[in-house]
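Each remark here refers to the structure printed beneath this line.
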Amino acid sequence: MSRYDAREIEPKWQKAWAAAGCFTARRDPSKPKYYVLEMFPYPSGNLHIGHVRNYTMGDVVARYKLATGHAVLHPMGWDAFGLPAENAAMERRIHPGDWTYSNIANMKDQFARLGLTLDWSREFATCDPEYYGQQQSMFLDFLEKGIAYRKNAVVNWDPVDMTVLANEQVEDGRGWRSGALVERRELTQWFFRISDYSEDLLSALDGLDNWPEKVKTMQRNWIGRSRGLQFSFSTVDAPEGFDRIEVYTTRPDTMLGASFVGISPDHPLARQLEREAPEIAAFNAECRRMGTAEEDLEKAEKRGFDTGLRVRHPFDTAWELPVYIANFILMDYGTGAIFGCPAHDPRDLEFARKYDLPVISTFAPESGDHTLPEEGGPAYVPPKPETVHYIRGFAGDEHQTGEAAIEAAITFCETNGVGQGVTRYRLRDWGISRQRYWGCPIPVVHCDACGVVPEKKENLPVELPRDIDFDTPGNPLARHPTWSSVPCPACGAPARRETDTMDTFVDSSWYYARFASPGAKTPTDPEGVEYWMNVDQYIGGVEHAILHLLYARFFARAMQACGHLPQGTSEPFDALFTQGMLTHEIYLTRDAEGRPVYHYPHEVTDGKLADGRPVEIVPSAKMSKSKRNVVDPVDIIDRFGADTARWFVLSDSPPERDVEWTEAGAEAASRHLARVWRLAQAARDADETGSGDEDLERERHRAIHDATMGVESFGFNAAIARLYAFTNVLSKSKAGRAAQVRAVRTLAQLMSPMTPHLSEEIWQMLGGEGLIARAPWPQADPAMLVEDEITLPIQINGKRRGEMRVARDLPKDVVEAQALATDAVQRALSGGTPKKVIVVPGKIVNVVV
RNA sequence: GCGGGCGUGGCGGAAUGGUAGACGCAUGGCACUUAAAAUGCCUUGGGCUAGGCCCGUGCGGGUUCGAGUCCCGCCGCCCGCACCA
C-alpha cells in the first residue's frame with residue numbers, strides 16, 4: 001500500500017491541467033457562462049495565508065461551476081499601484097516598478113502551487129501602461145461628460161517633509177516620518193462626480209438580492225439620504241456680505257430648542273473673521289492643525305470659539321443666538337453651518353455645557369421617568385418613528401412621531417417663507433488626486449493660454465518616467481526636470497503636464513471589466529463584456545464593504561454613460577460574498593520594561609520558547625507581521641501540501657467569519673486526506689461481494705445532496721463536516737467492491753473543489769474517465785433521500801423528555817395519541833390531563849401540563 | 001464619536017422559532033506493537049442525593065406551547081469612517 005504524498009502528486013496534476021488547458025476561459029454559446037472573481041491582491045511580495053482562504057473559496061466555486069457545465073471565467077491580476085512601493089523605494093533605494101514587478105513574479109510562483117483554476121492568459125497589473133493607458137482614456141471620456149472636474153479640497157500637509165500625507169501616515173496629528181504637526185491645507189484637486197449618482201446608487205441596492213444585507217445597510221448609511229430643512233439665519237452686525245448664514249438641519253422640529261449657531265473653521269465667514277481678529281485666526285489655525293480623518297475629528301474634544309456675532313431666530317427676531325466656530329463642523333457637509341440643539345443632540349449638549357449655553361427641550365417621552373437635559377439628563381434622541389410629546393412644538397400635533405413632526409415643520413417653514421425642504425446625501429464627490437509618483441498619471445496639460453487641456457487620446461498612455469528619485473521628500477513627478485514640460489495639445493505652446501496621479505481605488509474600480517478582454521485597444525471590447533459581464537460571484541474582505549464596492553458600482557455607471565459597458569451592467573457584481581479573516585494566536589514575552597516581545601509560531605512549543613521561558617498567548621488575533629503571528633503558506637504547502645492548506649482554511653469556520661489557523665487543525669486536515677487515500681486503496685482492493693451495499697448507496701446520495709447544498713450556499717465548512725461524516729460511514733462499511741468504489745469516487749468528486757489534486761489521484765486510481773476536473777458533478781436521486789421512519793422528540797413544557805419512532809407521514813392525531821402514551825408523558829401527567837398538546841408534523845411534539 | 005457585524009463546551013464551530021453542542025481538535029481509555037510512531041475503536045458541557053433530575057448559547061429583561069435564533073437595554077471584541085489596500 002503506497003502512502004499519500006502531496007509533494008509528488010500535486011505538481012503532477014497541475015501539469016496535467018495546464019496541458020489540457022482546463023482553465024482557459026472560452027466563450028461557448030452552448031453553455032451558460034459563469035464569471036467568478038476574487039478581489040485581486042496588492043503585490044506586497046508574499047502570499048498571505050488569508051489570500052489562500054480567499055482564493056480557495058473562489059476556486060471551489062469555479063471548479064463546481066466547471067463540473068456543472070458552465071463556461072467559467074476565473075482570472076487574476078494585480079492591484080499594483082500604491083504607497084508601499086514608494087515606501088520601499090525610500091527605504092531600500094529600489095525603483096517602485098522593479099519592486100512591484102519582482103513581487104508579482106514571486107507571488108505568481110506561490111499562486112501556482114495552490115492548484116487554482118486561474119486563467120493566467122488574462123493576467124495584468126494595474127501599473128502596466130497598457131492598463132493605465134486605457135484608464136486615462138476613460139478619464140478623458142469622463143472629463144468630456146463632466147463626470148471629472150476640479151475643485152479645492154483639503155489634504156494632510158506635512159510642513160517639514162513638504163508633502164501630502166495619507167491618513168494612515170498621520171499618527172496622533174503628526175507626520176509618521178518627520179514627526180511634524182500636520183496641517184490641513186487646501187489644494188486644487190480632481191474629482192469624480194459620484195454624488196450625481198447618489199440616488200441611483202442608493203435605490204439600486206434594493207435589487208442586489210445576492211449581496212449581504214449588512215453590506216447594503218452600510219452602503220445605504222454611507223450614501224446617507226436625508227430629508228431636512230435648509231434655511232438661513234439673519235445676522236446682527238456681521239461683516240459685509242454675511243447678512244445671512246445658511247444652515248441645513250434634519251431636525252427642523254427642534255427649531256425652538258436652538259441655542260447657538262456653529263460654523264466650520266473653513267466656513268467663508270470664519271475665514272473673513274480671522275482676517276480681523278487674531279484670536280479667531282489662532283483658533284482656526286489650531287483647528288486646522290488636525291488631520292482630515294473624520295474619525296479623529298469626531299473623537300477630538302469638542303471645542304468652539306464665540307465669534308461675538310449674533311443671529312436672529314427666524315421665528316422670533318427678538319431672540320438672538322450666539323455664533324460659534326466649532327472644530328467638529330465640516331465644511332464638506334451641508335452648508336458648513338448648523339444650529340445647535342443641545343437637548344436633542346449629544347454633541348451639541350456636550351458643547352452647550354462646556355460653553356454654558358442654554359438647553360431647551362422641545363419634546364419629551366410620552367410617559368415614564370425622564371430627566372430633562374436641562375436638568376442634567378442626557379440628550380434625548382428617540383428613534384424618529386416613536387411618538388413623543390412636543391413641549392415646544394410649532395407645527396403638527398402635540399403628540400406625534402418625530403417623522404410626522406419633521407414633515408409638519410418643513411411644511412410650516414415653507415408656508416411661512418422660512419426655508420425649504422430639501423433631500424440631501426452624505427455621499428461626497430470622490431477626490432482622486434494624489435500627489436504621488438506610483439499611480440496612474442492624470443492625462444491633462446496646463447496651458448497658460450488654454451487652461452486645462454485634455455491630452456490627445458493618440459498620445460496615451462501618458463507613461464510614468466522611469467528616472468526618478470526619492471532622495472528628497474515630495475512628489476518625484478513634480479520635480480522631474482523634463483517630464484512635465486510638454487507642448488499644449490490645443491495650441492502647441494510650451495505647457496505643463498498635470499503631476500497628480502489617480503487614487504488607486506480608480507484602478508480597482510474597473511479591472512473586473514478589463515478581464516473580459518484584457519488585450520483590447522479600448523478600455524473594454526463589446527464582445528468580451530457582453531458575453532462575460534456581470535461578475536456572477538465576487539468574493540472579498542468585508543473591509544471593502546463601502547469604498548471599493550461603491551466606487552466600482554459608480555464606475556460601472558460612468559463607463560456605461562461613455563459606452564464602455566453595455567446595458568444591464570450598471571451593477572457589476574450580481575452576487576457578493578464577504579469572507580472573514582484568518583487569525584492566529586500571538587506569542588509574547590516581556591522585556592525588562594514590560595514591553596511586549598513577539599515570537600514566531602515556530603519558536604514556540606507547548607507554550608514555551610526553546611530556552612524554556614513560558615509565553616503569553618493572545619488568542620484569535622488578526623495576523624500581522626509586526627506581531628509575528630503570521631503563517632507562511634509556502635511553508636504550509638511544503639510540509640502538508642496545497643490540498644491540506646485548502647481543506648483546512650475552508651473547514652471549521654463559516655466562510656464569512658474569521659478562522660483561527662492552528663497547527664493542530666492543519667495536521668488534522670492532513671491526516672484526514674491520508675485517511676481518504678487509504679480508503680480509496682481499500683475500496684480498490686475490497687472483496688467483490690459484501691453486505692450493506694444498499695445502505696452505502698443511500699448514504700452516498702445523501703452526501704451528494706448535502707455537500708452540493710453546502711457548496712452552492714457558501715457553506716463550505718458545513719459541506720466539509722458532511723464529507724467527514726460520509727467518510728466515517730464509508731470506513732465502517734462492509735459493502736462489496738463495486739459499491740465501495742462508487743462511494744469513494746463520489747467522495748473524491750465532492751471533495752474535488754477543495755482538494756483537487758488528491759481527488760484526481762483517487763479518480764485515476766479507481767478507474768475514473770479522464771480528469772476529475774472535467775467530470776460532470778454527481779447527481780443525487782431524490783428517491784434515495786426520503787426516510788420512511790423518523791425520530792420525533794417529545795417535549796414536556798418545552799423541555800425534551802423523550803422520543804419516539806414514527807412513520808414519516810403518520811396523521812397528527814395518531815402522533816398525539818402515541819406521544820401521550822409514552823412513559824415520559826404518563827409520568828409527567830401522573831393521571832391528569834394535559835393543558836395543551838402541540839404537534840408539529842415531522843418536527844416535534846410538545847405537551848403542556 | 002458615528003455606521004455595520006459578531007459573542008454557543010477545554011478549543012474551532014453545528015443548529016428553516018422545534019432534540020443545543022453535528023463535524024473536527026484536544027482529553028482519557030482500549031486494541032495493534034518487544035516498544036514507539038502510525039492506525040483503528042470507544043469516552044468526554046457542568047452539577048446532583050446519577051438509569052432520573054437540575055443548570056447551561058456574553059449580561060439583564062420581554063414575546064412564545066417552545067428562544068442560541070425574535071424584541072428592548074447593557075457589556076466585550078472585530079470591520080469601516082472618504083489619501084492603507
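In what follows, every chain begins at residue 1, and chains take the letters A, B, ... in the order their sequences are listed. What you are looking at is a predicted structure, and each value in this text was computed from that prediction instead of being measured. Below, all heavy atoms of this structure are taken into account, side chains as well, without hydrogens, waters or symmetry copies.
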Mind checking if [X] touches a base, just sugar-phosphate, or nothing, with heavy atoms under 4.0 Å?
| X | answer |
| --- | --- |
| A:V170 | nothing |
| A:F328 | nothing |
| A:N797 | nothing |
| A:A545 | nothing |
| A:N846 | base |
| A:P654 | sugar-phosphate |
| A:S508 | nothing |
| A:I720 | nothing |
| A:A293 | sugar-phosphate |
| A:Q189 | base |
| A:V845 | nothing |
| A:G431 | sugar-phosphate |

Could you measure between the two [atom1] atoms, the one in [N] and the one in [M], and give it in whole Å?
| N | M | atom1 | result |
| --- | --- | --- | --- |
| B:C72 | B:U63 | P | 15 Å |
| B:G28 | B:U43 | C1' | 7 Å |
| B:C2 | B:G12 | P | 30 Å |
| B:G13 | B:A20 | C1' | 13 Å |

For B:G24, glycosidic torsion class - syn if within 90° of 0, otherwise anti: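 Classified anti.
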
Syn-anti status, with the boundary at 90° from 0, for the nucleotide B:A50: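 Glycosidic conformation of B:A50: syn.
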
Aromatic ring pairing A:H548/A:H544, orientation class (parallel under 30°, perpendicular over 60°, tilted between):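 Answer is perpendicular, since the angle exceeds 60°.
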
Determine yes or no for a side-chain-to-main-chain donor-acceptor pair under 3.5 angstrom, with [X] supplying the side chain and [Y] the backbone.
| X | Y | answer |
| --- | --- | --- |
| A:D79 | A:F40 | no |
| A:W99 | A:G45 | no |
| A:D158 | A:T163 | no |
| A:K302 | A:E350 | no |
| A:N103 | A:P43 | yes |
| A:R288 | A:D266 | no |

If the cut-off is 4.0 Å, is [X] near the phosphate of [N], judged by side-chain N/O to OP1 or OP2?
| X | N | answer |
| --- | --- | --- |
| A:R801 | B:C54 | yes |
| A:S651 | B:G24 | no |
| A:R722 | B:A14 | no |
| A:R434 | B:C83 | yes |

Any N/O donor-acceptor pair, A:N167 side-chain to B:C83 base, under 3.5 Å: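 Looking at the base of B:C83, it does not pair with any donor or acceptor on the side chain of A:N167 (distance under 3.5 Å).
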
Distance-only donor-acceptor test (3.5 Å): side chain A:E168, base B:C83: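 No, the side chain and the base share no sub-3.5 Å donor-acceptor pair.
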
Atom-to-atom span, [atom1] of [X] to [atom2] of [N] - whole angstrom:
| X | N | atom1 | atom2 | answer |
| --- | --- | --- | --- | --- |
| A:Q795 | B:U64 | CD | P | 17 Å |
| A:E86 | B:C83 | CD | P | 16 Å |
| A:D296 | B:C83 | CG | C1' | 13 Å |

Identified stems (criterion: three or more consecutive Watson-Crick or G-U pairs, under 3.5 Å), RNA chain B: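 Paired runs of 3+ in RNA chain B: B:1-7 with B:75-81, B:10-12 with B:23-25, B:28-31 with B:39-42, B:45-48 with B:52-55, B:58-62 with B:70-74.
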
Among the nucleotides [options], which one has an atom lying closest to any side-chain atom of [X]?
| X | options | answer |
| --- | --- | --- |
| A:I844 | B:C83, B:U19, B:A85 | B:U19 |
| A:K732 | B:G13, B:A85, B:C42 | B:C42 |
| A:S731 | B:C79, B:U19, B:C41 | B:C41 |
| A:V542 | B:C79, B:G13, B:A26 | B:C79 |
| A:Q435 | B:U19, B:C83, B:C79 | B:C83 |
| A:L547 | B:A85, B:G66, B:U19 | B:A85 |

Nucleic acid contacts of residues 833-843 of chain A, taken as heavy-atom distances under 4.0 Å to RNA chain B: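 By residue number: A:K836, A:I838, A:V840, A:K843.
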
Result of checking A:T727, A:L730, A:T755 against A:V676 for side chain to side chain contact (heavy atoms under 4.5 Å, CB included):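 Running side chain to side chain contact (heavy atoms under 4.5 Å, CB included) over A:T727, A:L730, A:T755 with A:V676 returns exactly one hit, A:T727.
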
Nucleotides 1-9 of chain B: protein proximity per nucleotide (B base, S sugar-phosphate only, - neither; heavy atom, under 4.0 Å): B-SSS-S--

So, do [X] and [Y] have ring centers that fall under 6.0 Å from each other?
| X | Y | answer |
| --- | --- | --- |
| A:F328 | A:F351 | yes |
| A:W510 | A:Y131 | yes |
| A:Y724 | A:F726 | no |
| A:Y512 | A:Y538 | no |

A:M39 side chain near A:Y511 side chain, heavy-atom distance below 4.5 Å: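 A:M39 reaches A:Y511 side chain to side chain.
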
Under-4.0 Å salt bridge between A:E699 and A:R722: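 Counted as a salt bridge, because a side-chain N and a carboxylate O are separated by less than 4.0 Å.
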
Electrostatic pair A:R53-A:E38, nearest N-O below 4.0 angstrom: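 Result for this pair is no, no salt bridge flagged.
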
Earlier contact from the 5' end, RNA chain B, for A:V848 and A:G82: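 Residue closer to the 5' terminus by nearest nucleotide: A:V848.
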
Residue closer to the 5' end of RNA chain B, A:A80 versus A:G798 (nearest nucleotide):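 Nearest-nucleotide comparison on RNA chain B picks A:G798.
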
